[in-house]
Each structure stands twice: as C-alpha cells, then as structure tokens.
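Inspection log for the structure reproduced underneath, given as structure tokens.
Naming: A, B, ... by sequence-line order, numbering from 1 per chain.
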2 protein chains.
Amino acid sequence: MPEKSFIVKGIRVQTSSGLRRAPQQARGAQRIARILDAAAEVIGEVGYDAATTVMIAAKAHTAIGSLYQFFPNKEAIVQGLLERYRDELRAIFDAIITPDLATLPLPALLDRIIDPLLEFELGRHGFKALFVGMHMSRELAAATRQLTDEVVGRVAGIFQARMPTLPREMAQRYSVIVVQIVKAFLGLADAPIMTRAELVAELKALLLRYLIPLEGASG
Amino acid sequence: MPEKSFIVKGIRVQTSSGLRRAPQQARGAQRIARILDAAAEVIGEVGYDAATTVMIAAKAHTAIGSLYQFFPNKEAIVQGLLERYRDELRAIFDAIITPDLATLPLPALLDRIIDPLLEFELGRHGFKALFVGMHMSRELAAATRQLTDEVVGRVAGIFQARMPTLPREMAQRYSVIVVQIVKAFLGLADAPIMTRAELVAELKALLLRYLIPLEGASG
DNA sequence: CCAAAACATGAATAATCTTTCGCATTTGAT
DNA sequence: ATCAAATGCGAAAGATTATTCATGTTTTGG
C-alpha cells in the first residue's frame with residue numbers, strides 16, 4: 001500500500017495515518033514537522049518513556065494543546081517519527097542498491113552500506129533510541145520492529161543478489177544477525193573507550209570476518 | 001570494599017546499602033528475597049519503566065506498605081536486584097577462570113565462558129532487561145553499567161592472560177566489543193527466525209572469526 | 001472587509017503511579 | 001503469658017503525566 005502524504009503550501013506531511021486530522025494550512029504542517037523534530041531530540045536525550053508530551057511541546061515552541069490538535073496521543077508522535085525515519089531509510093537504500101552491488105568486493109560493499117547508514121544515524125537524534133531500544137508498549141514495539149524489518153529486508157535482498165544459491169531463509173537469518181550487530185555497535189557509540197572512527201573500523205572488520213566464509217561457500 | 005551481607009535465621013541478605021533498614025527477623029529477610037524475585041519477573045516481562053511497585057508487591061504476595069518497609073523507593077529494588085546479579089556473576093566467573101584458560105584453544109574457551117553465562121541469563125528473567133536495556137534514570141544507568149563493567153573486566157582479564165603482549169587498553173577495548181556482541185545476541189533470543197541453539201552456534205562462530213586474527217597476532 | 005474555518009492556548013481534568021502513615025498482627029525474649 | 005520490637009497492612013496523600021476543552025487568535029475564500 002503506497003503511503004499517503006500531504007503537501008500543504010510546500011510543506012510535506014507524510015504522517016498520514018496516525019494524525020487526528022490533516023493540516024489544512026502551512027502553519028499546521030510546519031507545526032507538525034516541528035513537533036516531530038522536537039520529539040526526536042527529546043527522545044534522543046531521555047528515551048521514549050521519560051520523554052513527556054510537555055517536554056516535546058516546549059522544545060517545539062508550541063502549547064501542549066496545539067500538539068494534541070494534530071496528534072491524538074503521545075504514541076502517535078512516535079509513530080509519525082518512525083514513518084519519517086522509515087521513508088528516509090528507504091531513500092537511502094534506494095540510492096545504495098545498484099546492479100554493481102552483486103559483484104562488488106566485500107570490503108567495498110561494507111563501506112557502501114554502512115557509511116550512509118551511520119551518517120544517517122548521526123544526524124537523527126531520536127533514531128538510535130527507537131532503533132536499538134528495548135521494551136516499549138506493545139504497539140510501539142510493533143512500530144519500531146517495522147523499522148528494523150525494513151533494514152533487514154533490504155540487507156537480505158543484497159545477500160541474495162550476491163549469493164543466488166543462498167536460500168531466502170538463510171539470507172534473512174544472516175541479515176537479522178548483521179543488523180543486530182550494527183545496532184550493538186551503535187549502542188557503543190558513546191563509550192569513551194574508542195573514537196567513532198575506531199568503532200566503525202572495528203565493526204567493518206568484524207562483519208568482514210563473519211561474512212567472508214559465507215560468501216566463499218555460496219558466492 | 002567487601003560487600004556487607006546479613007544472615008538472618010539462615011536467610012542471606014546482601015542488599016546492604018540501599019535498604020531502609022536491615023531485617024531483624026527471618027520473615028523480613030524472606031520478604032526482601034521474595035520482592036527481589038518478583039521484581040526480576042515483572043521487569044523481565046514489562047521492563048523497568050513499566051514495572052510498578054504495586055505489580056512487584058502483588059507478585060511477591062506482599063502489601064505495598066511492606067515493600068516500602070525495607071526498600072525506600074522503586075529504584076532501591078532494582079539496585080538490590082543488580083547487586084544480586086553482580087554477586088552471582090562474580091561466582092560464575094570465579095568458577096570459570098582457572099589457570100588452564102590461558103592456553104585453552106579458542107573454541108573451547110568460548111564454550112567455557114559463553115555457556116555458563118547464557119545459562120545464567122536463561123534462569124534470571126529480569127537480567128536481560130537490565131543488562132542490555134538502554135535509557136534509564138541517571139543513577140540506574142550507573143548501577144547497570146556496573147554490571148556490564150564487571151563482565152567486561154573479567155573478559156579483559158582473560159584476554160590479557162592469553163595474550164600477555166596485548167596492552168591493557170586493547171584488552172579492555174576488545175572486551176567491550178565482545179560483551180556488546182553477546183548482549184546483541186541476547187536481544188535476538190526471542191526472534192522467531194532461529195532457535196536458541198542456532199543462535200548460540202552463530203554467536204560462537206562470529207566471535208571465533210573475530211578473535212582468531214587477534215590471538216594470532218598477539219598470542 | 002467579513003465570516004467561517006483552521007489553528008493556538010494553557011488552565012483544568014483525569015489517569016496512573018509512588019510513597020506515606022496510622023494502626024493491626026506477629027515474633028522473640030523474659 | 002506478656003510486653004516491646006519488628007513486621008504487615010492498605011487506604012489515602014502526593015506527584016507526575018497525558019489529555020481535554022472552553023476560549024482566543026490567525027488564516028482563507030469571497
């Protein structure tokens with residue numbers, strides 16, 4: 001199902017589903033965008049549970065009532081944020097995935113995929129909390145799983161393109177593991193023991209050593 | 001500093017610090033133990049934030065007032081739980097670490113360390129949530145970091161025993177990464193895509209491939 | 001310029017938790 | 001058996017949030 005999305009006076013609003021009502025004017029659309037920005041920041045700072053709607057409204061320079069003008073509840077805000085991230089991730093993968101990926105040497109492939117993803121994460125404060133965080137409400141867990149599934153599916157597709165003999169289920173399995181490893185390294189990002197650059201190098205070395213035997217057998 | 005611990009009528013109580021007062025009778029000590037058990041279960045089910053003191057008291061078959069008889073607040077309960085886990089982990093590592101570890105083949109080493117740890121995790125419902133969870137209150141984050149540091153320190157020690165030429169800082173760094181990877185796989189434990197046995201096998205394969213070059217260079 | 005629709009506001013309400021406190025019951029020592 | 005200390009109890013107070021709503025302001029189409 002293609003995602004509905006509003007364009008209101010030049011401002012793109014893609015939070016089609018969870019909104020209480022669609023904005024009719026530019027200021028409404030801008031406010032929604034500002035609220036999502038603010039939510040990303042607050043969630044990035046304190047996590048989903050500790051993030052309050054008042055904090056989000058304040059950071060968006062908006063009255064609490066205005067927030068509820070468009071979002072029916074706190075969860076809908078996060079849903080909107082997740083939709084935004086999902087769309088952005090799709091665009092990144094669409095740019096990453098080209099025919100030459102199937103035959104690219106493994107080290108180059110890792111650079112090609114990991115670098116844009118890490119850059120994306122670096123610029124979205126709330127992303128890590130929602131992508132690697134555990135334990136949320138049932139519905140929210142489902143929504144965040146969608147984000148992960150998006151990434152896992154793309155990576156599995158790349159595996160299958162490179163290793164046509166690899167069963168779909170195996171591709172899925174290794175993709176789940178690889179994505180989880182990337183998540184784990186994201187969680188290490190503010191450990192004072194290494195720089196981000198060292199961390200990225202180590203991540204790539206790890207994935208390289210893990211995947212070489214796989215590609216050797218099925219490539 | 002050695003940990004204080006009470007023995008009250010045969011029941012061991014090691015929650016020395018965070019308690020409002022030390023139990024004087026056996027029933028008090030038992031109640032504390034039951035509350036910690038209940039907290040572990042509830043936190044394992046819904047996570048720390050969603051776990052309420054009323055839920056914990058109910059699962060411990062205790063009135064909410066009794067809970068506060070010993071624990072000054074919700075956080076102290078988790079502190080107590082973490083102390084319990086830390087002590088248990090210490091005991092496990094004390095049993096694991098023997099002189100022959102330094103020269104054991106790497107695959108056997110992985111079995112030796114990972115199997116007991118995973119078995120420990122399997123039997124403690126709240127452990128995973130506190131060990132791999134993100135984003136808690138400042139103090140709680142510090143307390144859970146202690147748990148991780150305990151494990152990281154032990155693993156780093158093993159690295160140094162096997163690779164005497166490896167600088168302490170490098171041992172620490174690889175230990176942090178390895179422990180984070182183990183955490184990541186714990187987070188995969190209820191993914192329906194593989195059995196736990198397959199997951200453990202993949203974890204060991206991954207760590208083996210990651211660590212072989214390291215030991216080859218410094219061993 | 002005007003009226004209707006859209007949007008903004010924040011005090012008030014409502015729901016959810018944590019924590020307290022006065023009183024009841026149990027235990028251990030004499 | 002009796003008393004003081006320890007423990008148990010749960011309704012109610014206190015805190016924190018999410019959410020609503022009555023009312024004021026801005027925008028838009030005509």
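- Protein atom CE of M55(B) is 19 Å distant from nucleotide atom C1' of dG10(D), rounded to whole Å.
- For the pair H61(A) NE2 and dG10(C) C1', the computed distance is 17 Å after rounding to whole Å.
- With respect to R173(A) and E202(B), no salt bridge is recorded, no charged nitrogen being found less than 4.0 Å from a carboxylate O.
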Please tabulate, for side-chain N and O atoms in residues 56-64 of chain B, each donor-acceptor pair with protein atoms closer than 3.5 Å (sequence neighbours left out).
| residue | atom | partner | partner atom | Å |
| --- | --- | --- | --- | --- |
| K59(B) | NZ | E45(B) | OE2 | 3.1 |
| T62(B) | OG1 | R31(B) | NH1 | 3.0 |
| T62(B) | OG1 | A60(B) | O | 3.2 |

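- Counting to the nearest Å, the C1' atom of dT25(D) and the CZ atom of R31(A) are 12 Å from each other.
- Scanning both residues, A39(B) and L81(B), for their nearest heavy atoms gives C-CD2, 4.2 Å.
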Heavy atoms under 4.0 Å is the rule here; annotate nucleotides 15-22 of chain C 5' to 3' with B where the base is hit, S where only the sugar-phosphate is, and - elsewhere. --SBBB--

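- Applying the side-chain contact (heavy atoms from CB on, under 4.5 Å) criterion to D149(A), with sequence neighbours excluded, gives R145(A).
- Q24(A) has its CD atom 12 Å from the C1' atom of dT27(D), to the nearest Å.
- The side chain to side chain donor-acceptor pair (under 3.5 Å) test applied to K74(B) returns no partner, not counting sequence neighbours.
- Remark: the backbone N or O of I96(A) is paired with a side-chain donor or acceptor of R112(A) at under 3.5 angstrom.
- Between R84(B) and E88(B) there is no salt bridge, since none of the side-chain N atoms of the basic residue sits less than 4.0 Å from a carboxylate O of the acidic one.
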I'd like a list of close polar pairs between nucleotides 25-27 of chain C and the protein, N/O only, cut-off under 3.5 Å.
| residue | atom | partner | partner atom | Å |
| --- | --- | --- | --- | --- |
| dT26(C) | O2 | R27(B) | NH2 | 3.3 |

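- Rounding to whole angstrom units, CD of residue Q30(A) and C1' of dT27(D) are separated by 13 Å.
- The separation between Y48(A) atom OH and dT17(D) atom P is 14 Å, rounded to whole Å.
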Quiz: residues 176-183 of chain A side-chain donor-acceptor pairs under 3.5 angstrom, not counting sequence neighbours:
| residue | atom | partner | partner atom | Å |
| --- | --- | --- | --- | --- |
| Q180(A) | NE2 | A184(B) | O | 2.9 |
| K183(A) | NZ | F131(A) | O | 3.3 |
| K183(A) | NZ | T148(A) | OG1 | 3.0 |

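- Protein atom CG of L67(B) is 12 Å distant from nucleotide atom C1' of dG8(D), rounded to whole Å.
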